[in-house]
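Report on one structure; see the data block that follows.
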Amino acid sequence: MKCPHCFESVGVFSKELNKFGKSKFCPKCTKPIQLYVSLKWVAILFGPAVVSALLIKPLFINAGLNGSLATGLICGLMVLLCMRLKVPKVKENV
């Protein structure tokens, strides 16, 4: 993912993005950022996620694992691929 301010790469598992609280800041430029799931990318990746879950399910079953684990892993991977950063909206006091 890239910071919307400085366009530097920010890791999904970075310390700054995984701290508790609503306010998150870019570790490079220290400006506020917001993490969200892009619905556009969810729509794009939904079909390939379903197909790949169906294709690897027999491999999991043959290995003695639950077939639902394949679906869960693919869904988790899809969410990670759909995460994006944006500039947070500022509330105005009127």
Side-chain angles (χ1 to χ4, degrees):
M1 292 184 298
K2 295 204 181 270
C3 172
H5 300 289
C6 63
F7 302 107
E8 290 289 327
S9 181
V10 180
V12 174
F13 300 111
S14 68
K15 186 171 72 171
E16 188 62 39
L17 286 182
N18 289 310
K19 71 178 188 175
F20 292 108
K22 289 186 178 183
S23 58
K24 298 184 185 322
F25 299 94
C26 173
K28 311 283 196 263
C29 65
T30 65
K31 292 185 180 177
I33 53 176
Q34 184 178 2
L35 189 63
Y36 74 103
V37 177
S38 171
L39 294 178
K40 178 180 89 172
W41 280 102
V42 169
I44 292 170
L45 293 176
F46 183 74
V50 169
V51 170
S52 50
L54 291 173
L55 289 175
I56 66 169
K57 188 174 184 177
L59 297 174
F60 276 65
I61 292 173
N62 286 338
L65 300 170
N66 191 351
S68 300
L69 183 62
T71 305
L73 288 174
I74 293 295
C75 288
L77 180 64
M78 188 175 87
V79 168
L80 282 175
L81 291 174
C82 293
M83 292 179 118
R84 300 286 182 255
L85 293 173
K86 68 179 180 179
V87 178
K89 294 181 181 176
V90 180
K91 295 180 182 177
E92 295 182 20
N93 294 332
V94 177

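Because only heavy atoms are used, hydrogens play no part in the values below, and waters and symmetry mates are left out as well, while side chains stay in.
The side-chain contact (heavy atoms from CB on, under 4.5 Å) search around L77 returns L81, not counting sequence neighbours. Residues passing the side-chain contact (heavy atoms from CB on, under 4.5 Å) test with C29, sequence neighbours excluded: C3, H5, C6, C26, K31. Annotation: side-chain contact (heavy atoms from CB on, under 4.5 Å) contacts of F25 (sequence neighbours excluded): E16, K19, S23, P32.
Shortest non-hydrogen contact noted between A70 and K57 is CB-CA, 4.0 Å. Listed here is the closest heavy atom pair of K28 and S9: NZ-O, 3.8 Å. When all heavy atoms of G11 and S14 are compared, the closest pair comes out as O-OG, 3.0 Å. In terms of heavy atoms, F7 sits closest to K2 at O-CD, 3.7 Å. When all heavy atoms are compared, the tightest approach of P48 to I44 is CD-O, 3.5 Å.
The closest donor-acceptor contact from the side chain of N66 to the backbone of F60 lies at 3.5 Å or more, if one exists at all.
Sparse packing is recorded around CZ of F46, with 12 or fewer heavy atoms of other residues, nucleotides or ligands lying under 6.0 Å away.
A distance of 7.0 Å separates CG of N18 from NZ of K24, quoted to the nearest 0.5 Å. The line from OG of S68 to CG of L73 is 11.0 Å long, rounded to the nearest 0.5 Å.
Hydrophobic clustering of Ile, Leu, Val, Met, Phe, Trp and Tyr side chains at less than 4.5 Å, counting indirect connections, keeps V79 apart from L39.
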Q: I would like to know whether L35 and L85 meet side-chain contact (heavy atoms from CB on, under 4.5 Å); could you show each step before the answer?
A: CA-CA 5 Å; L35 189 63; L85 293 173; 3.7 Å; yes

